[in-house]
Every structure is written in structure tokens, then in C-alpha cells.
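A short worksheet on the structure shown next.
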Amino acid sequence: VVVVAGSVFAWQRVGRTPGPAGPPGYLAVLPFENASGDSAQQYFADGMSDDIRSALQNAGVPVAARTTSYTLGEQHATLQQVRATLGVDAVLEGRVSRLGDRLHVTTDLINASDGITLWSFTQDRQTQDIFSVQRAIIDSIVGALRLRLRDQLAGSLVPAGDPALHDMVMEARYLSNTMTMVGIGRGIDLFDQVLAKEPSNAEAHLGKALALLQQADGYVPPITVYPQAEVEVQKALAADSSNASAWSMAASITGYYVWDWPRSRAEITRALELNPGDPLAWLNEAWLLLLQGDFDTALVVQRRSLALDPLSPIQLFQMQWVLMANGQYDSAYAHAQRVDSLYPGLAYADDMGGYELALLERYDEAERSFRAAESRLGHRSPGLAWLLARRGRPAEARAVLADIERDWSQHYVVPEFVAAAHAALGETDAAFRWLDRGLEVHSAMATFLLWWPGMAPLRSDPRFREVLRRLDLEMPSPARASSPR
């Protein structure tokens, strides 16, 4: 059953290309409610909403970013809150119930400004008909838009395939999105099972690549996962070269791991050609601007990137780094507090906040923040060693660094942050040994060297220029490479 309020569905902004300078999107797809009464079916409900969002994006419909949409849905935000946060005109909500081989789906498209239901859809089908159900939902939404977007939409919007394998892909994505090593590992195992049966499955290749990247720098040395992630992305692009997310992911790998900046820029450009509102593409663009020393423009682009996905922890973390590069430590710390309020207990929020508080000379608070990060991470924080060195407590700083050195093979920490702690102690040779270690494992944080205040004691050393040469980067201007206060 499909009901469309056609005359009401004349969105005012339809026809404008969403970009970082304008509204983030016209449509928010909230996470579908799992109405099965079985928490084990949550992955299926999330997978349905993910599939519909991706298909609408592929059709040219501006759709708000997943992370913020899901966070708002999980917070049971009102329509007014969704509209205020994302700038969307309409919201797609849904309920999914899967019992045995039966599938019941109800979806509603709602005007975000007044709460009027513009379109409703209900179907009872067999589970193996999942693609038909998704296609019916998407075709109905697109049908309501087609008068205004006719030239952008064509072809089949939902690929055909084996429903059983697709179910495994949905569960693998769900597990990977837990952002825990256990969940990511189980997700990768499921992606591998899918690819063993269907080697050309683009969704599985891209999902596996993302799962691998989620481990890098936080859990494991990047060199242990980036090469395989690069292979998976290239296979995803070989299967579907029109996937903007794949191009954005390729740009991240090419930049952070390969250090091929021109190629990364070309991949960003391709991603934005396919989807001008891709948050990851704009995030990568802001980072490249930082590497070029154009900090002011990087901040403008990062603000726009954040507007596309305002509740994303990745976007909020990068905003902090860009603000720190511009010397705006107060604003950076405000974003750290925002992360903590949205995602309480996230250890890396404490770590980031510690650096920002230290740069604001709020040392007691910074120390508490670093120690909280240690408690949550389960290992020592190089940020604490850096702070203790700056506070004139070298013996305590060296004790932390000794623990990090001893445990590094079991508990990966970012080498550049360890180097900064040694630099603060005046141990220049040790600092450069850790910078070399960062280059060996292809740490994404190596690009921090250009502007991060913790690197100031090393920049006059000739070895610093050699490190930058290996990264194919240039020395920052004196005006930008200032010492921490």
C-alpha cells in the first residue's frame, strides 16, 4: 500500500546541488525501528535503512549523512530538532519486523517543518523479497521527487543479488559499526564469507575496507591494515566506479597511507563530482589544505564539512585539530566537550581534551583528562608524558614513556605523540627515533608534524626536514609553525 501527498511534496529547495556552502541535504533517513521483538534482528533494521539511504544517494537525491541521522534517531530527536541540526525538508522513518521468512515493513515520509505525512508505505512479503521491497520504497520516494529531479534519476536503484549474502553484509556492517575490536573482527569475518561466495560484491569489499580502517591508529599500526584496505577499495571501485564513498575512502588511503597528495586530491574531486555532499570527501579536502599550510581555508572547509555531518565524532575530532592549527584552543576544547556529551566514555575525547587544556595552560584539568583517558584505554597515554614534561616533572614523564616503550607491541599508541613527549624533555634523538617509527608504520598522524605545537622543539633540527621530505611535504612558514604557549 502506497499513499503519496503529491501536492504537499513540492519541496522548496529541490533542484539545488547540496554542497558544503549550503544546506546539508533535503532528506534524512532515520534508523528504522526493529519491531521484531528480537534484539538480534537490529542489524536487519539498520541494514534496511542503510540500503535505502545509499540507493537514494545513488539516484541523485540529497540525503543527510548517516552518523548524524542515526545519532538523532537513537536520541529520539523531534522533527524540529532533526530539521535544525541537518537542515532537511523531510524525514523518512520506518519500522521493520522479520519473523521467520515473513517481512513486514512500514515507512513514512514526513514534512520536517510541520509533521505532515507526505507518503506512507506498508508491505508484507517474504524475506527473500527484500530487494523488491527496497525497490518499491525507493521508487515511490523517487516518483514523488521525479517532477523536480527528472534529469538526475535513471535506471535501477537497488541492485539484485542473493538475499542471504546481502543479509550477511547487513550484519557485518552492523558489527563493524560497533567500533570495538571484537565487533570489527566479527564483521570482517562475515565480509570474507560473502566475498568467498561472491568475489565481485562491491558492498562487501567497501564494508571490509571501512572495517579495516576503523582499526588503524586507534587499535593497531596502520601498516597492518591499510594495504588490505587499499586492495578492497580498488576492488569495490572495479565493481562500481560510480560509488562516491569508495572514491572518498580511496582518497583517505592515498593521503594518509601512501602520502600521494596529488592523487588523493584527484580522488576527492571524483568523489565530489559523484556526490557534492559527501562529508568524508570534504573532510579529506580540509586536511589537504592543512598540509598545504592554508589553515584559514582549511577551517572554512572543515566548518562546512562538519555541517554535513554535525554529530559525527570523526568530523568533530578533525574540527579540533583544524582549530588547534589555527591557534583557537578554546574553540577546540569546546568541540572536545561536545564529543564527550554525545559519546560519553570515549577515551580519545579525553586524550584530545587533555592536549587542548594543556595548550590553554589549564594544566591540572589537562592531567585529569589524560589520566581518565588512560583508565578507559587500559594503557599509558603519551599525552600525559608530554604534559608532565612541560610541567617540570621529568622523572614521572620518563616513567610513563618507559611503560609505553615496554608495552608498545601489545598496546599501539601514536608514535608522533610519544616523540612530542621526548621533545618536551629535550631528548631530541629519542624524539626522532619515534618519528622514524611513525613513518615505518605509516602513521596517519605523521601529517601533524607540519603544524602541531608539540613539534616546535624539533623544527629547527635538520632531521625534521628529512622527515618532511619522506612525507613529500614542505616546511611550514614561521608564522604558522609557532611554539606552544
Side-chain angles (χ1 to χ4, degrees), residues 31 39-51 53-54 66-67 70 130 159 161-240 243-258 280 284 312-314 317 343 346-348 377-379 409-414 441-444:
S39 60
Q41 294 297 317
Q42 185 61 52
Y43 79 89
F44 188 81
D46 285 358
M48 282 284 288
S49 45
D50 282 342
D51 289 343
R53 176 184 299 101
S54 296
R66 181 192 191 277
T67 303
Y70 267 60
I130 179 174
D162 183 338
L165 292 181
H166 187 66
D167 188 271
M168 293 171 66
V169 168
M170 289 195 291
E171 185 174 4
R173 286 194 309 232
Y174 178 80
L175 290 167
S176 299
N177 284 334
T178 64
M179 297 295 288
T180 65
M181 278 298 284
V182 172
I184 292 171
R186 290 174 61 195
I188 290 173
D189 287 343
L190 277 175
F191 284 128
D192 282 338
Q193 292 177 42
V194 172
L195 291 169
K197 296 178 180 179
E198 188 179 338
S200 63
N201 189 303
E203 285 185 297
H205 283 302
L206 196 58
K208 182 180 177 182
L210 179 58
L212 289 164
L213 294 179
Q214 287 169 335
Q215 300 177 69
D217 282 304
Y219 292 114
V220 299
I223 198 168
T224 63
V225 292
Y226 266 88
Q228 184 59 41
E230 184 177 23
V231 170
E232 300 300 333
V233 168
Q234 293 305 316
K235 288 181 178 178
L237 286 170
D240 180 10
N243 190 311
S245 296
W247 284 106
S248 290
M249 208 177 298
S252 296
I253 294 170
T254 303
Y256 298 135
Y257 175 69
V258 182
L280 179 57
N284 286 334
S312 163
I314 295 174
F317 278 138
Y343 309 99
L346 194 61
Y348 294 104
L377 289 168
H379 59 77
S409 62
Q410 285 77 40
H411 299 293
Y412 176 78
V413 296
V414 176
V441 300
H442 281 247
S443 168

Practice prompt. Identify, with sequence neighbours excluded, every residue that meets side chain to side chain donor-acceptor pair (under 3.5 Å) alongside Glu171.
Written response: none
Discussion item. Pair Val220, Met181 - check side chain to side chain contact (heavy atoms under 4.5 Å, CB included), show working.
Written reply: CA-CA 10 Å; Val220 299; Met181 278 298 284; 4.2 Å; yes
Item to complete: Tell me yes or no: between the side chains of His379 and Gln410, is some donor less than 3.5 Å from an acceptor?
Response: no
Worksheet item: Can you check side chain to side chain contact (heavy atoms under 4.5 Å, CB included) on Tyr219 and Val225, steps first, answer last?
Response: CA-CA 10 Å; Tyr219 292 114; Val225 292; over 6 Å; no
Discussion item. Can you give me the closest heavy-atom contact between Ala211 and Ile184, atom names plus distance?
Written reply: O-CG2, 3.3 Å
Practice prompt. Could you check if a side-chain atom of Ser176 sits within less than 4.5 angstrom of a side-chain atom of Leu210, using non-hydrogen atoms only?
Written response: no
Fill in: Met249: which of Asn243, Asn284, Leu237, Val233 passes side-chain contact (heavy atoms from CB on, under 4.5 Å)
Val233
Discussion item. Does any part of the side chain of Thr67, heavy atoms only, come nearer than 4.5 Å to the side chain of Pro313, both counted from C-beta?
Written reply: yes
Worksheet entry | Minimum-distance pair of heavy atoms, taken over all atoms of Met48 and Met170 | N-SD, 3.7 Å
Fill in: Gln228 and Ile188, any side-chain heavy atoms less than 4.5 Å apart
no
Practice prompt. Apply the side-chain contact (heavy atoms from CB on, under 4.5 Å) test between Phe191 and each candidate in His205, Met168, Arg173, Glu232; give the one that qualifies.
Written response: Arg173
Worksheet entry | Tyr174 side chain near Asp50 side chain, heavy-atom distance below 4.5 Å | no
Worksheet item: Below 4.5 Å, heavy atoms only, C-beta onward: do Asp192 and Lys208 meet side chain to side chain?
Response: yes
Worksheet item: How far apart are the closest heavy atoms of Val194 and Ala204, and which atoms are they?
Response: CG1-CB, 3.9 Å
Worksheet item: Just by distance, do the side chain of Tyr70 and the backbone of Asp46 share a donor-acceptor pair under 3.5 Å?
Response: yes
Worksheet entry | Ala209 versus Ala229, closest heavy-atom pair with distance | CB-O, 3.7 Å
Worksheet item: Phe44 and Asp167: which non-hydrogen atoms are nearest, and at how many Å?
Response: CD1-OD2, 3.5 Å
Discussion item. With a 4.5 Å cut-off on side-chain heavy atoms, are Asp51 and His166 touching?
Written reply: yes
Discussion item. Test: salt bridge (charged side-chain N to carboxylate O under 4.0 Å, His left out). Region: residues 175-184. Which pairs qualify, not counting sequence neighbours?
Written reply: none
Fill in: Residues which pass side chain to side chain contact (heavy atoms under 4.5 Å, CB included) with Arg186, listed by chain and number, not counting sequence neighbours
Leu175, Val182
Worksheet item: Could you walk me through whether Glu230 and Val258 pass the side chain to side chain contact (heavy atoms under 4.5 Å, CB included) check?
Response: CA-CA 10 Å; Glu230 184 177 23; Val258 182; 3.9 Å; yes
Response to the item:
Looking only at heavy atoms, the pair that brings Pro222 and Ala216 closest together is CA-CB, 4.1 Å
Worksheet item: In terms of heavy-atom contacts, does CD1 of Ile223 have more than 12 from other residues, nucleotides or ligands at under 6.0 Å?
Response: yes
Item to complete: Give the ring-plane orientation class for Tyr257 versus His442, where under 30° counts as parallel, over 60° as perpendicular and anything between as tilted.
Response: tilted
